[in-house]
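Below is one structure; the comments refer to it alone.
Every chain is numbered from 1 and lettered A, B, ... according to where its sequence line falls, protein lines coming before strand lines.
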2 protein chains.
Amino acid sequence: MFRHAGETDHASRLAFLPGLEGALMAPRGRAPRRIGQVPLYEMVDGELRQRLLQKVYPPGAMIPSEMKLAAELGVSQGTVRRALNGLVDEGLLTRRQGLGTFVPEIEDRRSLFLFFNMIGHDGQHELPPARLESCEIGAATQAEADRLALPPQSPVRRLLRVRLLRDRPTILERIVVAEAVLPGLGEGGALPDHLFRHYERSYGRTVTSAEERLRAAAASFGDAELLEIAPGTPLLEIDRLAFEAERTPVEWRRSLCNTSAHDYLVDRR
Amino acid sequence: MFRHAGETDHASRLAFLPGLEGALMAPRGRAPRRIGQVPLYEMVDGELRQRLLQKVYPPGAMIPSEMKLAAELGVSQGTVRRALNGLVDEGLLTRRQGLGTFVPEIEDRRSLFLFFNMIGHDGQHELPPARLESCEIGAATQAEADRLALPPQSPVRRLLRVRLLRDRPTILERIVVAEAVLPGLGEGGALPDHLFRHYERSYGRTVTSAEERLRAAAASFGDAELLEIAPGTPLLEIDRLAFEAERTPVEWRRSLCNTSAHDYLVDRR
DNA sequence: AAGTGGTCTAGACCACTGG
DNA sequence: CAGTGGTCTAGACCACTTG
């Protein structure tokens, strides 16, 4: 309640808790404010997700303070805080004490290593450089259209990259993206090592989650040549679909890894 | 403050917030209660972890209500709640509205599937039956002693199991445990499919976390025979160290998986 | 000094569960 | 019905950052 009309009337004023004035007489602001079945903090959470998705608060920006958000949304600071906690836990926001709450750019995010889990047998863990082998455009196969949730035959771009660890070709990446989502990707011939950052900066596509399926596969003759190993060598295949918010597929990537000197690390708590 | 002496004087009374009486005059219980650098809710968290570890609250039991804990520990209900939130998030406790907060038994825990991630290409996901192939006792190798944090040459037990998915031998498990930690494991000749539950029920060893390293490997002649495949077939090797609280190693397991019909699934958020 | 997030409290009412 | 966890509020003080 206490709509705090006027002063905080931002552009993106929300259809949030429409009416619900007065009608309560408890001595001091004690009032159940939930509107339907869904808790208030979830509504705040949803509202903030919307704003992040629509780049009302773009990457790198500071969002309004907890007090300001509370006033604007007509809830208590504690409720805003609870919603923020969830978003911070997911890595969608970062708090800096004494400064404020920020929308992280992708390299600040856990994402950098969240999406790269190969670790050397000696503990080494760095994002290795990638060499672009090929880049072509074509009509999506059935599998590609399924994975990327595209209409059949949609134009897609296919990239082939080799990553070098310790100067040895170690990972072979086959990347497929929709031309409609990331138009002209890799046309210049060169591409940054860190593609997700590129997607965010150049296309405003922020990858926030991914699903990976791992299996073992034998190196084909072509793959073996690129990885400088014998055909038939066992490789770790990582089949990954990367999503932006709302589980919209952005990229399909199949990586073939030579695990003779590196493992894929998983920490289960 | 307000020690609530007497009535809640449980057996396991804690050395918690030793002194710190009076000395504050705010009109109504407003008082910074933190003792050192560490927040109160973390101290509560630590105290509860202790009790779980020492089985003061054994698996399956209900722990005292938030109000009771608050009174006993001399903090507010909100602070207890915050500590409980963390433990619940980790899966160490489970809340049931209207009932109370419980120590989950292992099969209630996420653990069952937290530690088994093979999923069929058709989406099938079940814990498959295991057949015990061999069980021997011997002196720990250097690697085994390192992994399990044991003195050199300690007695260890080595199990070899085959798991059947769809009646096909698909996973080969080499398990190593310290005899001192799990004495007599598998001596009867038969063992349950779900070893972690067995560890908890028969030995009071509760596995709460694990670290896995995945790589590709070629099937040896012996492995190939057990898995009924051709030698040299690429297999997914999962090298896993399982811990109980405080990161004490309990089990070292190397699984070799035939991934022709199943993948290892990872969800990254 | 002002403003931010971080911790803590007290107390209200709700929704759910069991007897 | 009483007891439990679930939500929400208001307000206090702390620790940290910038100016």
Here the distance between atom P of dA15(D) and atom CG of L40(B), to the nearest Å, is 13 Å
### Query
If only side-chain N and O atoms of Y41(A) are considered, is one of them under 4.0 Å from the OP1 or OP2 phosphate oxygen of dT7(D)?
yes
Between CE of M43(B) and C1' of dG6(C) the distance, given in whole Å, is 17 Å
note: N85(A), atom CG; dC8(C), atom C1'; distance rounded to Å ~ 14 Å
Applying ring pair (Phe, Tyr, Trp, His ring centres under 6.0 Å) to F102(A) and not counting sequence neighbours gives none
query: Taking 4.0 angstrom as the limit, do R161(A) and D193(A) come out as a salt bridge?
result: no
Rounded to whole Å, the CG-C1' distance (D45(A) to dT7(D)) equals 15 Å
Next on the checklist: Quiz question: by atom type and distance under 3.5 Å, do the side chains of R82(A) and Y41(A) form a donor-acceptor pair?
Outcome noted: yes
Distances under 3.5 Å between nitrogen or oxygen atoms of protein and nucleotides 2-5 of chain C:
| from | atom 1 | to | atom 2 | distance (Å) |
| --- | --- | --- | --- | --- |
| dG3(C) | N2 | G98(A) | O | 3.0 |
| dT4(C) | OP1 | K68(A) | NZ | 3.1 |
| dT4(C) | O2 | G98(A) | N | 3.4 |
| dG5(C) | OP1 | T101(A) | OG1 | 3.1 |
| dG5(C) | OP2 | E66(A) | N | 3.1 |
| dG5(C) | N2 | Q97(A) | NE2 | 3.2 |

Taken to the nearest whole Å, CZ/F102(A) to P/dT17(D) is 12 Å
Would you call R163(A) and E173(A) a salt bridge, using N to O less than 4.0 angstrom? yes
Side chain proximity check, L92(B) to V103(B), heavy atoms < 4.5 angstrom
no
CD of E200(A) to CZ of R205(A), rounded to nearest 0.5 Å, is 12.5 Å
